[in-house]
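Here is the structure we will look at, set down as C-alpha cells.
Quick note on labels: first sequence line is chain A, next is B, and so on, each numbered from 1.
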Number of protein chains: 2
Amino acid sequence: MSRNKLTAAVPSPVAEDADDFDAKTAARVCWHYFKEGQTQEEVARRLGFTRKRINRIIAQALSSGLVQITIDSQIGACAELESRLIAQYRLRRAIVVPSPAPDLDVRTVVGAAAGQYISDQLGPSETLGISWGGTIHAAAQNLRRRHGGNTVVSLVGGLAMSGPINPYDNAAMMARALGATCRYVTTPMIADSRELRDALVRSTHVAAALAAVRSVNRALLSAVDLTNRSRALEYGVITRDTLRSLRTAGAVGDIAGHYLNASGSLVSHPLVDRVISVDLTSLRAVGELVLAAGGAHKAAIIRAGILARLCHVLITDEAAAEALLAF
Amino acid sequence: MSRNKLTAAVPSPVAEDADDFDAKTAARVCWHYFKEGQTQEEVARRLGFTRKRINRIIAQALSSGLVQITIDSQIGACAELESRLIAQYRLRRAIVVPSPAPDLDVRTVVGAAAGQYISDQLGPSETLGISWGGTIHAAAQNLRRRHGGNTVVSLVGGLAMSGPINPYDNAAMMARALGATCRYVTTPMIADSRELRDALVRSTHVAAALAAVRSVNRALLSAVDLTNRSRALEYGVITRDTLRSLRTAGAVGDIAGHYLNASGSLVSHPLVDRVISVDLTSLRAVGELVLAAGGAHKAAIIRAGILARLCHVLITDEAAAEALLAF
DNA sequence: AAGGTAGCTGCACAAATGTGACAAGCGCGG
DNA sequence: CCGCGCTTGTCACATTTGTGCAGCTACCTT
C-alpha cells in the first residue's frame with residue numbers, strides 16, 4: 001500500500017517545479033508543526049508518516065527556505081554599530097548582525113540578514129539585480145517565497161565550473177524563491193582577452209542582458225576580497241598569481257566585477273579589461289544598492305565599495321562593522 | 001553583579017515601548033538560536049545567561065511575535081478546497097488551512113494565516129481597516145514587524161469589558177506590530193438606544209473616526225456567529241436573550257457589526273439600530289476585503305458575508321470550507 | 001519599613017528532537 | 001531478470017528542550 005505516494009499521485013494543475021514532489025505535503029507538515037505547535041510524533045500519526053520522515057521533511061523545508069524564520073530586524077541587536085556606520089559613511093541604512101561562532105560561515109548569517117531585508121523591502125513588481133557569491137547564495141535561501149511579479153537580473157557573467165556558488169545558480173535560486181523571471185549574462189565572467197570581451201559585450205544578446213540593469217530598482221551586491229582568505233581562488237575565478245598582481249596594482253577586492261583600490265577607485269590591471277559585467281555608471285544609477293558582506297577580511301573592500309558609491313544600504317557583521325569604524 | 005541588567009542600563013535613544021526591556025537582547029538571542037542554529041545552552045554561555053532564561057526569552061519572542069515563522073502559503077496545503085471555493089463563490093482568492101486538533105482554537109490558526117497574508121500583501125504605506133475578535137487577535141500576533149508607514153483603522157466601537165479580545169486591544173496590537181498609527185472609534189460597540197447611537201454617530205470625533213474608512217485600502221474582517229458556540233456571549237457583546245431574538249429575526253451572525261441573515265441581507269431587529277460601526281456601503285467600497293473566520297459553526301455567517309459582498313479574499317479552515325462547499 | 005510579587009538560579013527530570021546503523025522497498029539500467 | 005543505488009521505515013540512543021520545584025533577590029506597593 002503506497003500511502004506515501006498519495007500526494008504525488010495527485011497531479012497539481014499548476015506547472016510543477018522540480019522539487020514540487022513534496023512541497024504540498026511539506027507545507028502541511030510545517031503548518032501542523034510550526035503553527036499549530038504539534039509535536040513531530042503527533043503530526044506523523046495524523047498524516048500517517050513516520051516520525052523520522054516528518055523530522056526530515058521539516059529539516060528540508062527549513063533548509064530549502066520553504067519556511068522562513070523572521071526576526072524583527074529594526075530592533076537590531078547591534079543598533080549602536082548600525083547608527084555609527086550610518087553616520088560615519090553617510091549610508092541610508094545599515095544592518096549589523098552578530099558575528100557567528102568561528103566554525104560558522106559569516107556569509108550564511110550576513111546572507112540571512114540580506115535575504116530578510118530584500119524580502120521586507122522588495123516591492124511586488126520590482127526588478128532585483130544581483131551579483132554573486134556565498135553571501136548571495138545564503139540570501140536566496142532566506143527569501144520568503146513569492147509567486148510572480150518580480151524579475152531577477154544577474155549583473156555579471158558566469159563561471160564555467162560547477163558547485164552551488166556561481167552566478168547562474170545564485171540568480172536561479174533567487175528567481176525561484178521569488179517566483180521571478182530571470183535574466184542571465186551568457187558569457188564567462190572573465191573573457192580570455194580584452195578583444196574577446198569587447199566582441200562579446202557588443203553582441204546582441206549580451207548587450208541586451210547587460211542593458212537590463214536599467215530596469216533594476218534595487219540591487220543586492222556582494223564583495224569579493226583579495227586577502228588570503230579570499231574565496232575567489234577556491235571558486236576558480238582567478239589564479240593565485242593574478243590575485244597577487246591585482247594586489248600589487250592596489251586592488252583590495254571587487255564588487256560586481258569592478259576591482260577597487262582602498263579609496264574606492266578602479267585599479268589599472270590587465271584583468272579589468274577582460275571582465276564582463278554591468279558598467280559602474282549604470283550600476284550607480286540603480287535606485288538602491290544593497291551591499292551585503294561580512295567578516296573582518298572584507299572590511300577594506302566594503303569600505304572601497306562605499307567610497308565608490310556602490311552602497312546605499314550596508315548589511316554586515318559586527319567584526320566588519322568594527323573594522324570599518326576603526327578606519 | 002547585575003550582569004543581566006546590562007541591557008536595561010543602556011537607555012535606547014529611540015522612544016522605547018513598554019516591552020522594549022528585553023527586545024534587543026531577545027533579538028540577539030533569537031538570532032543566535034534561529035539563524036546561527038546554536039543550541040540554547042551555547043547561546044546561554046555566549047551571552048552569560050542561564051539556559052532557562054534563554055529558553056524563556058525564545059518562547060516569549062515566539063509568542064509575542066518578535067520572531068515570525070512563515071510558510072510558503074501559495075503552495076497551500078489545501079489547494080483543492082481553495083480553488084473550489086474560488087470557483088463556487090467567485091472569490092479573488094481563498095486560503096484554507098487544516099482544521100486544528102479539537103483541543104486547539106480554530107481562531108489562532110486561521111488568524112495565523114490571516115496575519116501572514118496581511119504581512120505579505122500590505123503595501124508599505126497602506127491603511128488597514130480591522131474588525132475585532134479572537135481571529136483578529138491571532139492575526140495581530142502573526143504579523144511580521146514593520147516600523148512606520150501604515151495606518152490601522154478600527155471599524156467598530158469598543159467594548160467596556162477588559163480582556164485581550166476587544167476592538168481597542170486588537171487595533172492596538174495590530175498597530176504596534178506594524179509600527180502603525182491607529183484610529184479608534186471612541187464609542188461603545190452597541191449604544192443603549194437608537195437615539196444615543198444617532199447622537200454619537202453625528203458627533204465630530206466619532207463621525208471623523210468612522211469616515212476614516214474612506215482611506216482604507218484593505219480591511220481584515222472577521223465573522224461573529226450566533227450559534228450556541230458563539231463567543232459573543234462570553235465577551236459580553238450581547239445577552240443570551242438578544243442572541244435568541246436575533247436568531248428569530250433570521251440573523252446568522254454579524255460582520256463588523258452588520259447582522260446578516262443566511263442569504264446575506266441585513267436583518268431587522270432593534271439591536272441593529274444601536275450598533276455603531278462603519279456603514280455597509282463604505283465598507284464595500286474598500287479595495288480588498290479579507291474575511292478571516294474558521295470552524296464549521298461559522299460557515300453560515302461566512303457565506304452570508306460573501307453574499308453580502310463583504311469578502312474578496314476568504315481565509316478559513318478545512319471544516320468551514322467543506323461546509324461552505326456543501327451549501 | 002514590612003510584605004508581597006515577580007523573576008532569577010540551580011537542579012532535576014520527562015518529553016521531544018536529531019541522528020546513526022541497518023534492513024526493506026522501489027525504480028532504473030545493464 | 002538481476003543487481004545497483006536511492007529513498008524510506010525501524011530501532012536505538014544521545015542531545016536538546018520544556019518544565020516543575022525550592023530557595024533567593026530585587027523591586028513595588030502599602
Side-chain angles (χ1 to χ4, degrees), chain A residues 1-11 16-67 69 71 100-101 103-104 108, chain B residues 1-11 16-26 28-67 69 71 100-101 103-104 108 164:
Chain A
M1 226 71 67
S2 59
R3 292 185 304 266
N4 32 12
K5 282 289 142 181
L6 265 179
T7 61
V10 180
E16 58 192 281
D17 296 349
D19 61 359
D20 193 37
F21 65 106
D22 246 334
K24 239 181 321 198
T25 318
R28 189 174 192 114
V29 167
C30 290
W31 181 267
H32 291 318
Y33 184 66
F34 289 110
K35 297 288 183 175
E36 293 185 12
Q38 288 195 296
T39 174
Q40 297 186 352
E41 206 152 85
E42 287 170 321
V43 178
R45 264 200 305 277
R46 190 155 157 191
L47 269 49
F49 293 132
T50 355
R51 183 177 73 80
K52 170 126 201 169
R53 195 146 151 56
I54 299 295
N55 187 310
R56 267 189 271 195
I57 289 174
I58 290 171
Q60 187 197 325
L62 236 18
S63 72
S64 75
L66 181 85
V67 0
I69 298 181
I71 302 168
D103 59 328
L104 253 87
T108 60
Chain B
M1 228 69 65
S2 58
R3 291 186 305 266
N4 33 11
K5 282 288 142 182
L6 266 179
T7 61
V10 179
E16 59 194 282
D17 297 348
D19 62 359
D20 193 37
F21 64 106
D22 245 337
K24 238 180 322 197
T25 317
R28 187 172 194 115
V29 167
C30 290
W31 181 268
H32 292 318
Y33 183 67
F34 289 110
K35 297 288 182 174
E36 293 184 12
Q38 289 194 296
T39 174
Q40 297 187 353
E41 206 152 84
E42 287 170 320
V43 178
R45 263 201 306 276
R46 190 155 158 190
L47 269 49
F49 293 133
T50 342
R51 184 176 72 82
K52 175 145 196 165
R53 199 147 146 53
I54 299 294
N55 186 309
R56 263 196 293 216
I57 290 174
I58 290 171
Q60 188 196 324
L62 237 17
S63 72
S64 75
L66 181 85
V67 359
I69 297 180
I71 301 169
D103 58 329
L104 253 87
T108 61

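With DNA chain C read from its 5' end, the first of the two nearest nucleotides for A/I58 and B/T50 is the one closest to B/T50.
The side chain of B/T39 sits closest to D/dT16 out of D/dG18, C/dA16, D/dT16. Among the nucleotides D/dT8, D/dT10, C/dT19, the one closest to the side chain of A/R53 is D/dT8.
Taking CG of A/L62 as the start and SG of A/C30 as the end, the distance is 7.5 Å to the nearest 0.5 Å.
Counting to the nearest Å, the C1' atom of C/dA16 and the CZ atom of A/R45 are 12 Å from each other. Between A/N55 atom CG and D/dT17 atom P the separation is 13 Å, expressed in whole Å. Per the geometry, CD1 belonging to A/I57 stands 16 Å off P belonging to C/dT19, to the nearest Å. Per the geometry, CZ belonging to A/R51 stands 11 Å off C1' belonging to D/dA12, to the nearest Å. B/I54 places its CD1 atom 16 Å from the P atom of D/dT19, with the value rounded to the nearest Å. In this structure, B/K52 places its NZ atom 15 Å from P of D/dG23, rounding to the nearest Å. In this structure, A/R56 atom CZ and C/dT17 atom C1' are separated by 14 Å, rounded to whole Å. The interatomic distance linking A/Q60 (CD) with C/dT19 (P) rounds to 14 Å, in whole Å.
For the OP1/OP2 pair of C/dA16 and a distance below 4.0 Å, the side-chain nitrogens and oxygens of A/Y33 include no atom meeting the criterion. Proximity of B/Q40 to the phosphate of D/dT15: no side-chain N or O atom is located under 4.0 Å from OP1 or OP2. The phosphate of D/dT16 has neither OP1 nor OP2 within less than 4.0 Å of any side-chain N or O from B/Q38.
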